[in-house]
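When a residue number appears, it is its place in the shown sequence, counting from 1. Predicted model, so just to flag it, every value in this text is computed and none were measured.
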Amino acid sequence: MPISAPHSPGHAPVRADSAVRPAPVAAPPPAPRLRPADREVLWLYLLTRVAVWTTAYCTRWLFPASGDARVPAPVLAPFEHWDWGHFLNIARDGYFPEGPGEGDNREAFFPGLPLVLRAVHVLIPHWTVAGLLVSLVAGAVAAVALARIAELHLPGSGAGRRAALFLLVSPCAVFLAAGYSEALFLALALPAWLAARRQRWLLASVLAAGATTVRISGLFLAAALVVLFLTTLTTRTTRTPRTPRTPRTPLTTLPTRRGEGTSRKRDAAWLVLPGLPALLYFWYLYGRTGDPMAWKHAQERGWYRHFRAPWEAWSQTWHEAFDRTQATGYAAQFQADLLAMVLGLLLLGVLVVRRRWPEAVYLALTLWALGTSYWYMSVARSTLLWWPLWVGLAVWSVRRRWVAIAYLCLVAPLSTVLAVTFMSGRWAG
């Protein structure tokens, strides 16, 4: 029989068990897609974009193509240099408007950015504006994703904001604002890495496949994802506590939850996706040219990316940088690439010592690809894609406050000089 409370006028009997029943708790509201830390990163990103556009405006007036110019260059002219022309031509005319073998080696560029550019052009008729818009949006996504990756290492420390800042003011940061492929690649590669760290392998594989359509570096990212997946197989295994009734079970033979093995096989299968875009692109080039190595041969014809031993590539680059065989503009670029290669090798050493094998694989493949051609080219630009560098600097700066000040004082003038060099059309000598 239930126990009832004494009756009182105007009150119904109360059951004793209802007095201790917890009140229903409202479900928490869904978390916002953009956290406060993300908004801080976006504000930082916007401020650095204002700085880039201010530099572009001043460059038009102070560094015209002709010394006696009375009218500055068009507003968008600072961003219409070098590789932008290749991406524009592919998006507008395709790869072989004059037939295979008769073009400007544009098949050396992957189709991801031209495809996106062509799609945006449907809404934005001006090609340069469309390209800048793609980079603007992609750069914002990349900055937020990089910050979230850094926060995984030191949650709540502000490392994410610092990582984004270090990337956005780095010496070659101007290429994130121009109509180049770096921003779009990072906007796909960094969320892919973030998804993989959270073991969302399908999403990581799809995003990495998108990154592969943009740059060959997507294949290096795919290799890093495979290594990361293999490392998670060992970390997800747990030991069974030893009790008098439960003998010690070998780690390799622990029972798994029902369906877990199938789930892992499915996750592993997704990891083949990032390689498919490259295969499709090479197959397309083979169908048009009959050359299964058309992409590699275009790289060799246009940019001297013939295979050479690493020490020979270093020696040739050193010769071009310091033996006065090149104009000063070209020599300065070779010097920057040499410095970037040294930085990359040091970073690789740190990753290996700390046993961060997935990031080490990505960087090692990148350095091998860049360091085995006739001479170094675009190594300094490639630092934009080395997210372990920016994460490592951010974590270091949290633990050593002087690191952030030293970094900003060092790279701020370099970033400005290289931005002016690119925007004035003097980047390649």
Which atom pair, heavy atoms only, marks the closest approach of Val420 to Ser424?
-> O-OG, 2.7 Å
Trp390 and Ile149: side-chain contact (heavy atoms from CB on, under 4.5 Å), yes or no, with the steps?
-> CA-CA 10 Å; Trp390 312 117; Ile149 292 173; over 6 Å; no
Heavy-atom closest pair (Val403 atom, Leu393 atom, distance to 0.1 Å) is CG1-O, 4.4 Å
With the side chain counted from C-beta on, respond yes when Ser170 and Leu384 share a heavy-atom pair under 4.5 Å apart, and no when they do not.
-> yes
CZ/Phe322: more than 12 non-hydrogen atoms of other groups inside 6.0 Å = yes
Can you name the nearest heavy-atom pair linking Ala173 to Leu168, along with the distance?
-> CB-O, 3.2 Å
Taken to the nearest 0.5 Å, the spacing of Leu271 CG from Leu202 CG works out to 10.0 Å
Any donor and acceptor pair, going by atom type alone, linking the side chain of Arg426 with main-chain N or O of Gly329 inside 3.5 Å?
-> no
If you measure from the Lys or Arg side-chain nitrogens to the Asp or Glu carboxylate oxygens, is any gap between Asp38 and Arg35 under 4.0 Å?
-> yes
Does Trp375 have its ring centroid less than 6.0 Å away from the ring centroid of Trp303?
-> no
For the pair Trp402 and Ile405, evaluate side-chain contact (heavy atoms from CB on, under 4.5 Å) and give the outcome as yes or no after the intermediate values.
-> CA-CA 5 Å; Trp402 60 267; Ile405 298 175; 5.6 Å; no
Got a donor-acceptor contact below 3.5 angstrom from the Tyr180 side chain to the Asp83 backbone?
-> yes
State whether the side chain of Ser415 and the backbone N or O of Ala412 hold a donor-acceptor pair below 3.5 Å, judged by distance alone.
-> no
Interatomic distance, CH2@Trp43 vs OG1@Thr48, rounded to 0.5 Å, equals 12.5 Å
For Phe307, does the CZ atom have more than 12 heavy-atom neighbours from other residues, nucleotides or ligands under 6.0 Å away?
-> yes
Once you round to the nearest 0.5 Å, how far does CZ of Phe110 lie from OG of Ser181?
-> 10.5 Å
Are Glu107 and Arg301 within salt-bridge range, i.e. N to O under 4.0 Å?
-> yes
Within a reach of under 6.0 Å around CH2 of Trp386, are more than 12 heavy atoms found that belong to other residues, nucleotides or ligands?
-> yes
Side-chain donor or acceptor of Ser373 paired with backbone N/O of Ala369 under 3.5 Å = no
Side-chain (Arg60) to main-chain (Pro74) donor-acceptor, under 3.5 angstrom = yes
Rounded to the nearest 0.5 Å, how far does CG of Leu117 lie from CZ of Phe87?
-> 9.5 Å
Side chain of Gln299, backbone of Ala108: donor and acceptor closer than 3.5 Å?
-> yes
What pairs of residues pass the salt bridge (charged side-chain N to carboxylate O under 4.0 Å, His left out) test when at least one of them lies in residues 179-201, not counting sequence neighbours?
-> Glu182-Arg215, Glu182-Arg381
List the steps and the verdict of side-chain contact (heavy atoms from CB on, under 4.5 Å) for Leu176 and Leu167.
-> CA-CA 10 Å; Leu176 295 175; Leu167 170 66; 4.0 Å; yes
Can you check ring pair (Phe, Tyr, Trp, His ring centres under 6.0 Å) on Tyr281 and Tyr95, steps first, answer last?
-> CA-CA 11 Å; Tyr281 179 54; Tyr95 277 99; 5.5 Å; yes
Under a 4.5 Å cut-off applied to non-hydrogen side-chain atoms, are Arg288 and Leu285 in contact?
-> no
With a 4.5 Å heavy-atom cut-off, do Leu152 and Leu194 have their side chains touching?
-> yes
Check: Gln316/Glu320 side-chain N/O donor and acceptor closer than 3.5 Å = yes
Of all heavy-atom pairs between Asp337 and Ala380, which one has the smallest distance, and what is that distance?
-> OD1-N, 3.0 Å
Give a yes or no on whether the backbone of Ala183 and the side-chain of Ser135 come within a donor-acceptor separation of less than 3.5 Å.
-> no
Please report the shortest heavy-atom distance between Ala224 and Pro358, naming the atom on each side.
-> CB-O, 3.3 Å
Determine whether more than 12 heavy atoms belonging to other residues, nucleotides or ligands lie under 6.0 Å from atom CZ of Arg354.
-> no
Got Trp314 and Val342 here, is their nearest side-chain heavy-atom distance under 4.5 Å?
-> yes
Spatial distance of atom CZ (Arg162) from atom CG (Leu154) [nearest 0.5 Å] | 10.5 Å
Mind checking whether Pro274 and Leu219 have side chains closer than 4.5 Å, heavy atoms only?
-> no
If the plane angle is over 60° it's perpendicular, under 30° parallel, otherwise tilted; pick one for Tyr304 and His306.
-> tilted
Could you label the plane-to-plane angle of the Phe220 and Tyr362 rings as parallel, tilted or perpendicular, counting under 30° as parallel and over 60° as perpendicular?
-> perpendicular
Could you walk me through whether Thr366 and Ser382 pass side-chain contact (heavy atoms from CB on, under 4.5 Å), step by step?
-> CA-CA 8 Å; Thr366 301; Ser382 180; 3.6 Å; yes
Is any NZ, NE, NH1 or NH2 atom of the basic residue among Glu300 and Arg305 found under 4.0 Å from an Asp or Glu carboxylate oxygen of the other?
-> no
Are the side chain of Asp291 and the backbone of Met293 linked by a donor-acceptor contact shorter than 3.5 Å?
-> yes
Distance in Å, Arg39 CZ paired with Leu34 CG, rounded so as to fall on 0.5 Å steps = 6.0 Å
Relative to the ring of Trp193, is the ring of Trp387 parallel (under 30°), tilted (30 to 60°) or perpendicular (over 60°)?
-> tilted
Identify whether the distance between the nearest side-chain nitrogen and carboxylate oxygen of Arg148 and Glu151 falls below 4.0 Å.
-> no
Judged by atom type as modelled, is there a donor-acceptor pair below 3.5 Å linking the side chain of His86 to the main-chain atoms of Phe109?
-> no
Any side-chain donor-acceptor pair under 3.5 Å between Trp201 and Ser205?
-> no
Taking every non-hydrogen atom, the tightest pair across Leu113 and Gly179 = CD2-O, 3.9 Å
Say whether, by atom type as modelled, one donor and one acceptor occur between the side chain of Tyr407 and the main chain of Phe166 under 3.5 angstrom.
-> yes
Minimum side-chain heavy-atom gap Ile216-Trp295 below 4.5 Å | yes
Could you tell me whether the side chain of Trp270 reaches within less than 4.5 Å of the side chain of Leu273, counting heavy atoms only?
-> yes
Does some side-chain heavy atom of Phe334 sit less than 4.5 Å from a side-chain heavy atom of Trp318?
-> no
